[in-house]
Enquirer: 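Here it is: the structure, laid out below.
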Amino acid sequence: ALLLVMTNPYAYIIEPLDPQKPDHKFFNLKKLKDPRYDQLPFSIRVLLESAVRNCDGFLVKKEDVEKVLNWKVTQSQTVEVPFRPARVILQDFTGVPAVVDFAAMRDAVKKLQGDPEKINPVCPADLVIDHSIQVDFNRNCVTGFISRVFAFYNLFFYLLNLNQEHRFLQKNQDLEFERNRERFEFLKWGSKAFRNMRIIPPGSGIVHQVNLEYLARVVFEQDGYYYPDSLVGTDSHTTMIDGLGVLGWGVGGIEAEAVMLGQPISMVLPEVIGYKLQGTPNKYITSTDIVLTVTKHLRQVGVVGKFVEFFGPGVAQLSIADRATIANMCPEYGATAAFFPVDQISIHYLKQTGGDAEKLNYIEKYLKAVGMFRDYSNTAEDPQFTQVVELDLSTVVPCCSGPKRPQDKVDVSEMKQDFKTCLGAKQGFKGFQVAPERHDVRVPFQFNGAEYSLSHGSVVIAAITSCTNTSNPSVMLGAGLLAQRAVKAGLRVKPYIKTSLSPGSGVVTYYLKESGVMDFLSQLGFEVVGYGCMTCIGNSGPLPEPVVEAITQGDLVAAGVLSGNRNFEGRVHPNTRANYLASPPLVIAYAIAGTMRIDFEKEPLAVNSQGKEVFLRDIWPTREEIQAVERQFVIPAMFKEVYEKVEKVNERWNSLKAPSDKLYTWDPSSTYIKSPPFFDGLTRELQTPNSITDAYVLLNLGDSVTTDHISPAGNIARNSAAARYLTSRGLTPREFNSYGSRRGNDAVMARGTFANIRLFNKFINKQAPSTIYLPTEETMDVFDAAEKYQQAGHPLLILAGKEYGSGSSRDWAAKGPFLLGIKAVLAESYERIHRSNLVGMGIIPLEYLPGDSAESLGLSGRERYTVIIPPQITPRMNVDIKLDTGKTFQAKMRFDTDVELTYFHHGGILNYMIRKMSQN
């Protein structure tokens with residue numbers, strides 16, 4: 001720190017925050033005395049502070065500071081600036097491969113005669129284990145005698161005070177450890193072998209909620225300096241922390257690893273869209289309704305690659321939990337960050353969540369001193385924005401999103417008609433192409449000795465899940481109050497519907513119990529089944545076999561409804577083709593109704609045992625009623641009690657044994673942890689990039705191909721290439737676990753690449769994880785075709801449409817294609833994080849020129865492609881692509897910065913870091 005200050009040209013603006021504490025200093029940006037500073041968006045001020053504090057003339061230069069300070073001009077000039085976030089956050093699906101990469105990088109550095117311990121995080125990193133637990137046990141997944149008794153005497157169990165939700169929670173956690181012990185032992189090794197890496201054990205909560213409630217500093221105090229908390233995370237919903245005024249966003253795991261090793265992020269200085277909130281929400285509106293409205297609106301505005309910063313008097317109407325809900329879904333509306341500057345409500349939240357008075361004092365004092373503390377009612381503080389768009393909160397109505405994308409908002413009042421339209425519409429984001437004569441088909445089945453039937457739109461999964469909503473006491477208590485009133489009105493949820501409640505932290509369970517609503521949630525089937533992402537990431541577990549048989553027999557468009565943030569095809573469950581995002585109260589409402597084909601305004605939720613029709617409006621709580629309960633029961637003592645023991649309370653984790661060696665000893669018999677081949681044959685010398693010659697197209701894809709399509713996280717199908725590999729290693733299907741849990745093994749993940757059953761490949765003109773091996777016209781699994789191409793020495797390309805790589809920030813969606821031999825992707829546009837991941841793996845992201853597409857150029861995908869790579873490459877340059885048909889066209893090479901070109905020349909960012917770290 002002292003050396004940095006001595007070489008920093010801005011050392012003259014350092015001063016104590018409190019004259020009584022001269023050793024606690026900060027860079028006072030106000031002392032720059034530059035009038036441009038007060039006009040900057042608050043989010044850009046955070047970037048500026050980082051640039052000023054880290055200015056060393058090497059990684060961060062004085063001209064970089066000027067670029068940020070001159071944002072009003074440079075925002076439109078695609079200028080590149082470095083950013084050093086204060087910390088990194090990971091979850092275990094992305095954390096395991098990151099630690100695998102670090103372990104392999106240590107091996108590679110040693111082979112190059114470097115010091116392997118240089119591969120060590122210098123930027124603080126927190127890893128929260130939250131993606132492993134599945135809904136294996138819930139009320140309709142209990143076997144034998146207990147299942148039958150529980151189904152018929154549910155209320156009797158509660159009268160006996162038998163804690164059913166604790167039993168399901170315990171069983172799911174037991175199974176989680178049974179499946180993932182090897183992964184957890186590896187992570188525990190990582191926590192010992194690498195400095196600056198803290199691991200939050202399984203069972204603690206969801207990464208973004210734990211970040212919001214516990215890990216966030218808001219202002220760092222380190223090495224005698226105060227500075228703004230900021231972060232990047234290996235999960236796209238890292239943006240949730242923006243709701244607290246901490247600037248953060250998702251990056252690829254590959255890029256996060258470089259940041260952990262001390263490399264600044266190279267980013268294009270973004271435009272900032274000012275989103276002005278006005279008015280007051282209707283008393284029946286939830287924060288979920290607001291965020292789904294914002295998501296659709298900003299998708300229409302177009303904010304990809306930009307920051308969104310919220311301002312206006314309406315912001316003061318929103319709690320931090322409301323703001324965090326809106327910030328959480330930032331990836332769904334396409335922005336990089338969704339920032340709510342810190343205000344007095346932020347300070348109140350820190351106090352509510354157990355922050356100590358001294359810390360709150362210096363947070364507020366520091367942010368006011370550097371002009372980063374907001375009063376949303378004071379228009380004089382409004383900065384300049386690239387563009388301003390507005391939303392009147394009073395116009396928001398109850399809504400859901402679906403059936404296949406989070407941006408496809410559907411007003412609840414229009415749900416019945418919208419589903420009917422989707423049923424018959426052409427196959428697509430809003431269509432299932434079901435013949436009109438089959439719209440009203442019903443399939444009878446038996447469950448636990450009783451007769452039921454399913455039809456199109458029948459709800460078979462109802463999950464209160466995801467940090468998006470479970471972090472928000474207003475919607476969780478709203479769900480509890482609705483459940484209380486529903487039970488008292490004599491309403492029940494049909495027993496075959498897979499219901500679950502997976503809170504984002506133990507605090508949620510605490511206040512649900514203390515407020516007296518937990519028992520009513522449980523009586524409707526919404527028992528606590530685990531603390532983790534669960535259904536939202538596809539860990540929904542199995543459906544009852546009779547339900548699956550009925551869906552299959554009738555080829556039904558069955559529905560899942562969840563309080564999550566993603567509903568892409570094939571993500572939630574293979575048997576739910578329609579999936580809707582909804583607030584927790586609406587999840588319960590649709591579960592009680594048992595179908596999405598209902599108009600709540602005109603039709604009753606259900607008829608109770610007394611024959612009385614009960615409408616949703618009869619039991620729906622108002623915002624005022626919810627807030628009264630929240631004020632009484634959500635208190636600081638809860639947060640303190642839960643989080644003061646969060647790192648030590650899990651006895652299973654505490655008892656895990658892990659080696660203490662600095663170099664990992666790879667076990668060749670392991671099917672979870674395997675040394676990856678990314679660095680095989682790596683030398684100190686750079687290899688000159690060559691043109692891609694006569695490449696075949698492996699897949700010809702359309703628009704909105706998600707990272708779930710490219711690298712699924714859910715169950716491993718028994719007929720898949722990955723299943724065949726695991727079977728050959730002696731595993732049974734019960735032991736397969738999920739793709740997400742196998743991300744430490746490249747052999748599984750390469751075989752799982754493009755293995756999503758909902759992948760639509762134009763070559764075969766249907767949804768299937770298959771393609772055509774063009775030399776022989778054989779149809780086969782994607783992995784098998786790629787393997788044949790590689791054996792024959794043929795490079796590969798992917799053709800795609802718009803928004804390629806949307807969805808989760810999944811580094812295996814780039815690593816997998818790399819292992820399949822894919823050299824480039826040619827698409828109309830890319831999701832930001834995925835493009836970065838492709839660059840990080842040395843895969844060239846090519847983009848059609850404006851107006852061009854596969855269709856307009858007449859590309860069938862059966863041609864062979866030669867991409868001419870010139871000796872001198874510049875950012876975003878156009879390159880020639882020649883086909884074996886004689887046709888030639890140009891595409892833009894989407895290396896957006898000079899740093900990205902450097903990574904490409906090294907064959908990827910990790911290769912660059914290894915060569916850098918191996919130097920003495």
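All values below come from the heavy atoms of this structure, side chains included, with hydrogens, waters and symmetry mates left out. Predicted model only: the values in this text are computed from it and were never measured. When a residue number appears, it is its place in the shown sequence, counting from 1.
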Enquirer: Does Asn761 reach the main-chain N or O of Asn700 with its side chain, forming a donor-acceptor pair under 3.5 Å?
Expert: yes
Enquirer: Looking at Lys892 and Glu847, is any side-chain nitrogen of the basic one under 4.0 Å from a carboxylate oxygen of the acidic one?
Expert: no
Enquirer: Around atom NZ of Lys674, are there more than 12 heavy atoms of other residues, nucleotides or ligands at under 6.0 Å?
Expert: yes
Enquirer: Any side-chain heavy atom of Ile710 within less than 4.5 Å of one from Val705?
Expert: yes
Enquirer: Is there a donor-acceptor contact under 3.5 Å linking the side chains of Arg742 and Thr671?
Expert: yes
Enquirer: Got a donor-acceptor contact below 3.5 angstrom from the Glu49 side chain to the Leu47 backbone?
Expert: no
Enquirer: If you measure from CD on Glu182 to CG on Asn737, what distance do you get to the nearest 0.5 Å?
Expert: 11.0 Å
Enquirer: Is any side-chain N of the basic residue among Glu831 and Arg810 closer than 4.0 Å to the acidic one's carboxylate O?
Expert: no
Enquirer: Testing the basics here: between Leu215 and Arg198, what is the closest heavy-atom pair and its distance to 0.1 Å?
Expert: CD2-NH2, 3.4 Å
Enquirer: What do you reckon, is NZ of Lys61 surrounded by more than 12 foreign heavy atoms closer than 6.0 Å?
Expert: no
Enquirer: Treating Asp56 as the side-chain partner and Thr7 as the backbone partner, does any N or O pair qualify as donor plus acceptor under 3.5 Å?
Expert: no
Enquirer: Under 3.5 Å, is there a donor-acceptor pair between the His905 and Thr902 side chains?
Expert: no
Enquirer: For Tyr789 and Val697, which heavy atoms make the closest approach, and how far apart are they?
Expert: OH-O, 4.3 Å
Enquirer: Decide, yes or no, whether a salt bridge links Asp708 with Arg566 under the criterion of side-chain N to carboxylate O below 4.0 Å.
Expert: no
Enquirer: I need the minimum non-hydrogen distance between Met197 and Gly190, along with the two atoms involved.
Expert: SD-O, 4.2 Å
Enquirer: Kindly indicate, with the supporting measurements, whether the criterion side-chain contact (heavy atoms from CB on, under 4.5 Å) is fulfilled by Ile881 and Gln890.
Expert: CA-CA 6 Å; Ile881 300 176; Gln890 286 195 321; over 6 Å; no
Enquirer: With heavy-atom distances below 4.5 Å as the criterion, would you say the side chains of Arg876 and Asp896 are in contact?
Expert: yes
Enquirer: Hey, what do you get for CD1 (Ile89) to NE2 (His208), rounding to the nearest 0.5 Å?
Expert: 7.5 Å
Enquirer: Taking Arg183's backbone N and O only, do any of them form a donor-acceptor pair with Glu185's side chain (distance below 3.5 Å, no angle check)?
Expert: no
Enquirer: Measuring only between side-chain heavy atoms, which start at C-beta, is Ser132 closer than 4.5 Å to Phe184?
Expert: yes
Enquirer: Where is the tightest heavy-atom contact between Gly744 and Val96, given as atom of each residue plus distance?
Expert: CA-CG1, 3.9 Å
Enquirer: List the steps, then state whether side-chain contact (heavy atoms from CB on, under 4.5 Å) holds for Arg724 with Asp781.
Expert: CA-CA 12 Å; Arg724 293 194 293 275; Asp781 286 345; 3.0 Å; yes
Enquirer: Does the side-chain contact (heavy atoms from CB on, under 4.5 Å) test come out yes or no for Lys118 and Val109, once each step is laid out?
Expert: CA-CA 9 Å; Lys118 282 187 176 181; Val109 168; 5.6 Å; no
Enquirer: Say whether, by atom type as modelled, one donor and one acceptor occur between the side chain of Asp64 and the main chain of Val81 under 3.5 angstrom.
Expert: no
Enquirer: Can you check whether Ile869 reaches Asn690 side chain to side chain, under 4.5 Å on heavy atoms?
Expert: no
Enquirer: Give me the atom names and distance for the closest heavy-atom approach of Asp661 to Ala193.
Expert: O-CB, 4.0 Å
Enquirer: To the closest 0.5 Å, what do you measure between CZ (Phe194) and CG (Leu261)?
Expert: 9.0 Å
Enquirer: Hey, is the main chain of Glu803 close enough, under 3.5 Å, to the side chain of Ser829 for a donor-acceptor pair?
Expert: yes
Enquirer: Counting distance only, does the side-chain N/O of Asp242 pair as donor-acceptor with the main-chain N or O of Ala337 below 3.5 Å?
Expert: no
Enquirer: Indicate the ring-plane relationship of Trp249 and Phe83, choosing parallel, tilted or perpendicular according to the 30° and 60° boundaries.
Expert: parallel
Enquirer: Do Asn837 and Met841 touch side chain to side chain, with heavy atoms closer than 4.5 Å?
Expert: no
Enquirer: What's the separation between atom CZ in Arg894 and atom OG in Ser836, rounded to the nearest 0.5 Å?
Expert: 10.5 Å
Enquirer: Should we count NZ of Lys111 as having more than 12 external heavy atoms under 6.0 Å?
Expert: no
Enquirer: Any donor-acceptor pair under 3.5 Å linking the side chain of Asp884 with the backbone of Asp694?
Expert: no
Enquirer: Examine Phe818 together with Trp812 and report whether their ring centres are nearer than 6.0 Å.
Expert: no
Enquirer: Check whether any side-chain heavy atom of Asp784 lies under 4.5 Å from a side-chain heavy atom of Tyr773, and answer yes or no.
Expert: no
Enquirer: Given 3.5 Å as the limit, does a donor-acceptor pair link the side chain of Thr234 with the main chain of Gly252, or not?
Expert: no
Enquirer: Applying side-chain hydrogen bond (donor to acceptor under 3.5 Å, both in side chains), run through Asn756 and Arg571 and close with a yes or a no.
Expert: CA-CA 9 Å; Asn756 191 311; Arg571 178 184 177 95; over 6 Å; no
Enquirer: Show, in sequence, the C-alpha distance, side-chain angles and deciding distance for Arg915 and Leu682, and conclude whether the side-chain contact (heavy atoms from CB on, under 4.5 Å) test is met.
Expert: CA-CA 9 Å; Arg915 289 190 175 104; Leu682 183 67; 3.2 Å; yes
Enquirer: Looking at Tyr672 versus Phe186, is the centre-to-centre ring distance below 6.0 Å?
Expert: no
Enquirer: As an exercise, state the distance from CG of Asp235 to CG of Asn211, rounded to the nearest 0.5 Å.
Expert: 10.5 Å
Enquirer: State the CD-CZ distance between Gln790 and Phe783, to the nearest 0.5 angstrom.
Expert: 8.0 Å
Enquirer: Within the structure provided, determine whether Leu883 and Phe889 are in side-chain contact (heavy-atom separation under 4.5 Å).
Expert: yes
Enquirer: For Gln77 and Val79, indicate whether the former's side chain and the latter's backbone hold a donor-acceptor pair under 3.5 Å.
Expert: no
Enquirer: If every non-hydrogen atom of Ala723 is compared with every non-hydrogen atom of Ile716, which pair is closest and at what distance?
Expert: N-CG2, 3.8 Å
Enquirer: Can you tell if the side chain of Pro676 reaches within under 4.5 Å of the side chain of Asp101, non-hydrogen atoms only?
Expert: yes
